[in-house]
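Below is one structure, written out as structure tokens; comments come after it.
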Amino acid sequence: VGSSIDFAPFEFQDEGQAEYQGFDMDLIRAIGKEMGYEVEIQNIGFDGLIPAMQAKNIDVIISGMTINDERKENVLFSDPYYQSGLTMVVRSDEQAIKSFQDLKGHKVAVQIGTTSAEAVKKLGGVEVKELNTPADCFMELKGNGVDAVVNDRPVNDYYITKSGETGVKALEEKLTAEDYGIAMAKDNTELQSKINEALKKLKENGEYDKIYAKWFGGQK
Ligand code: ARG
């Protein structure tokens with residue numbers, strides 16, 4: 001399984017800890033267990049994940065990856081497993097940027113190869129800086145290299161609340177609504193149905209809800 005381990009609370013690694021952790025990591029391990037497999041996770045940069053699967057270095061991608069038509073030309077997706085969307089983070093003292101419309105004429109950081117990168121380019125008139133990880137984007141924001149970061153809402157929220165980050169804030173407005181899916185090779189319909197079956201089972205037996213509550217708290 002390939003994942004870009006830079007996306008807390010979905011996939012990340014704490015300093016001094018060997019295990020990759022997060023919602024996606026727990027979910028894919030549970031799916032593997034359900035299927036009778038032990039899951040081996042490889043850390044691959046987000047924009048390298050689909051190429052790595054096409055080169056047959058990995059069989060599956062779980063990486064907070066949004067299901068969209070462009071990707072469907074190259075991979076198969078499981079049923080959706082998480083509802084997400086894009087929001088933006090600005091410096092706490094930001095006055096000029098209150099909505100996505102205000103981004104025109106500003107510099108914005110996004111992770112390379114993501115739906116954020118695509119969505120911000122589509123806004124038009126925005127200077128887009130594509131960086132390797134969301135952490136790089138946030139660093140750029142704090143260092144005044146950009147005026148906003150566009151990224152997945154749960155990741156922005158986790159960054160601000162869980163890491164106790166000060167000096168930046170997330171805005172409420174959502175640019176898009178997106179569903180995450182697990183990806184596999186375009187011709188691997190057998191794996192797709194097995195993964196869907198396992199996912200369905202985990203939703204029915206309460207295991208999915210447990211994993212959800214562990215990372216996001218409360219009920220879905
Ligand atoms: N949901 C977005 C996309 O699919 C961003 C995913 C980034 N994932 C990661 N592990 N960095 O394009």
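In each ligand, atom 1 is the first atom listed, and ligand 1 is the first ligand listed. Numbers here are sequence positions counted from 1.
Put simply, Y158 and I5 are part of the same group of oily side chains (I, L, V, M, F, W, Y) that touch within less than 4.5 Å, one to the next.
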Legend entry - From CA spacing to verdict: salt bridge (Lys or Arg N to Asp or Glu O under 4.0 Å), K121, E118: CA-CA 5 Å; K121 285 180 204 164; E118 220 176 296; over 6 Å; no

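The ring-ring contact (aromatic ring centres under 6.0 Å, His included) pairs that include a residue from residues 83-119 number zero, where partners must be two or more places apart or lie in different chains.
Here F10 and F216 bring their ring centres to under 6.0 angstrom of each other.
Nearest to atom 4 (O) of ligand 1 by heavy-atom distance, out of E118, R71, Q111, is R71. Residue S63 holds the heavy atom nearest to atom 8 (N) of ligand 1 of all those in G85, G64, S63. Scanning T133, I62, T115 for the heavy atom closest to atom 12 (O) of ligand 1 points to T115.
Atoms of ligand 1 lying under 4.0 Å from any heavy atom of T66, numbered from 1 in the order shown and given with element: 1 (N), 2 (C), 3 (C), 4 (O). Close contacts of ligand 1 with D6, meaning ligand atoms under 4.0 Å from a residue heavy atom, involve 9 (C), 10 (N), 11 (N). The distance from ligand 1 to the heavy atoms of Y180 drops below 4.0 Å at these ligand atoms: 1 (N). Listed by number with element, the atoms of ligand 1 under 4.0 angstrom from any heavy atom of M65 are 4 (O).
Given atom 5 (C) of ligand 1, the protein heavy atom at minimum distance is D152 OD1, 3.4 Å.
When the side-chain contact (heavy atoms from CB on, under 4.5 Å) test is applied to E190, the partners found at least two apart in sequence or on another chain are N188, K194.
The shortest heavy-atom distance from F10 to ligand 1 is not under 4.0 Å.
D6 and Q111 share a side-chain donor-acceptor pair at under 3.5 Å.
Between K200 and E34, none of the side-chain N atoms (NZ, or NE/NH1/NH2) sits under 4.0 Å from a carboxylate O, so this pair counts as no salt bridge.
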